[in-house]
Amino acid sequence: MERNQGINPRVKSGRFMKILPDYEHMEYRDVYTCLLHRYRHILGLWQPDIGPYGGLLNVVVDGLFIIGWMYLPPHDPHVDDPMRFKPLFRVHLMERKSATVECMYGHRGPHNGHIQIVKKDEFSTKCNQTDHHRMSGGRQEEFRTWLREEWGRTLEDIFHEHMQELILMKFIYTSQYDNCLTYRRIYLPPSHPDDLIRPGLFKGTYGSHGLEIVMLSFHGKCARGTKITGDPNIPAGQQTVEIDLMHRIQLPDVESLRNFSELSRIVLEVREQVRQEQQQQENGPEDGEGRGQQSPREPQRGPAQPSAELPAEKGGESRDGEAEAAAPPAPEQPAQSGQGQPFVLPVGVSSRNEDYPRTCRMCFYGTGLIAGHGFTSPERTPGVFILFDEDRFGFIWLELKSFSLYSRVQATFQNAEAPSPQAFEEMLKNIQSLTS
């Protein structure tokens, strides 16, 4: 048996068959030693440090490449469309025993880059030829191209002035990095058989901010939606919604549900009940197991939906805050099968996407985090978590009179499982502390 077997060039990644070196005389040992082993710590799921905006990067082995794919939500408001993705960097062996890092940012092909592994759960990238990111038409052409890619439209198509300001702000802020970024590892949430639905990543509507990525996870008697991408009001890393799995909400019939005042009355009654129960727990010896640990989390702003509700004051963002129930007691957990009950948004509640499900399985009391620009004066406000099916949920932000629809991210991510539940909890704390 040969000790050093040559590489079969047909194993090359199908995505990058152009501009490739000749692999015929390369040995598997070299590929492992100089590429796979050296860069093994960057494989997995990562969140870039791009101020409040965050992001989602998956670094994978693809043929004889290691590639960093940035995942982007579909164009607003098409929350059920698949995720978009683009390569930010790649690593491969250009010649024996020498790994080459290339930046893939921009529209002029791969060029010289650098990767520094800071520690096991953090690394940074740097582009050494940022002139490859520039376009002949200058910043205006770069902005128009970015707008088509990010939003699928032109600035003239966006009539709302506040949304135009938010879009321009994001372009100016994010483009200054030139793909020179620091990434921190994130994990997908662990799942349990008694979860209300399978935890994971969701795409959610957030008013003028567009679609954002939220991670739904279960924690005993509550579920939480944590932003993986964010905005200037509620940054990435913050908890956009928290769902109280011990307090079901029974919606009225459809005609009564159309009346916003009736829904508001029901939710505020539950909020008062929750407040009284918390007071009793504080005043007497109670087993503070579930809710004691998860004190009312950062109220995440509900999206001021058509963006008309996102003035200079508090902007609401709705997130993929899938309400996955973490095994409430039997009396609290209704059957998850069947057609469910009819559902309609109350009159006056705005929604970026009118194509929402018209039946739901169940609803729970929850809170959403809202804040002013720059994450000022954050507060948790009452709302309703609506579970539509295994892959979709919604949240009605009572104070903002807006509705966020969340749809599951169906993409499969490699090397993204947490080594332990404790590691996942620690990761949540870390990404939240960066923007607190």
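If you read the sequence from its start, that first residue is 1, and numbering goes on from there.
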* Asked: Hey, mind stepping through Y187 and F424 against ring-ring contact (aromatic ring centres under 6.0 Å, His included) and telling me if it holds?
  -> CA-CA 6 Å; Y187 300 115; F424 176 76; 7.6 Å; no
* Do S407 and D80 have side-chain N/O donor and acceptor atoms under 3.5 Å apart? -> yes
* **Parallel, tilted or perpendicular, as decided by the 30° and 60° cut-offs, for the rings of Y173 and Y177** => tilted
* Structure fact -> What one should report as the nearest heavy-atom pair of Q238 and I234 is CB-CG2, 3.8 Å
* Got a salt bridge between R144 and E141, using NZ or NE/NH1/NH2 to carboxylate O under 4.0 Å? -> no
* Exceeds 12 heavy-atom contacts within 6.0 angstrom, atom CD of Q276 -> yes
* Does a side-chain N-to-carboxylate-O contact under 4.0 Å join D178 and R134? -> yes
* Asked: For E161, does the CD atom have more than 12 heavy-atom neighbours from other residues, nucleotides or ligands under 6.0 Å away?
  -> no
* Asked: Angle class for the Y71/F85 ring planes (parallel below 30°, perpendicular above 60°, tilted otherwise)?
  -> tilted
* Given the side-chain rings of F388 and F343, with only the six-membered ring counted for Trp, is the space between their centroids under 6.0 Å? -> yes
* In terms of side-chain geometry, is the basic nitrogen of R392 or D389 positioned less than 4.0 Å from the acidic oxygen of its partner? -> yes
* **Qualifying residue for side-chain hydrogen bond (donor to acceptor under 3.5 Å, both in side chains) with E277, from Q279, Q280, Q273** => Q273
* Non-hydrogen atoms of I396 and P346 that approach each other most closely -> CD1-CD, 4.3 Å
* Asked: Would you say R84's side chain and E149's backbone share a donor-acceptor pair under 3.5 angstrom?
  -> yes
* Asked: Taking the six-membered ring of Y183, is NZ or CZ of R185 closer than 6.0 Å to its centre and within 45° of its axis?
  -> no
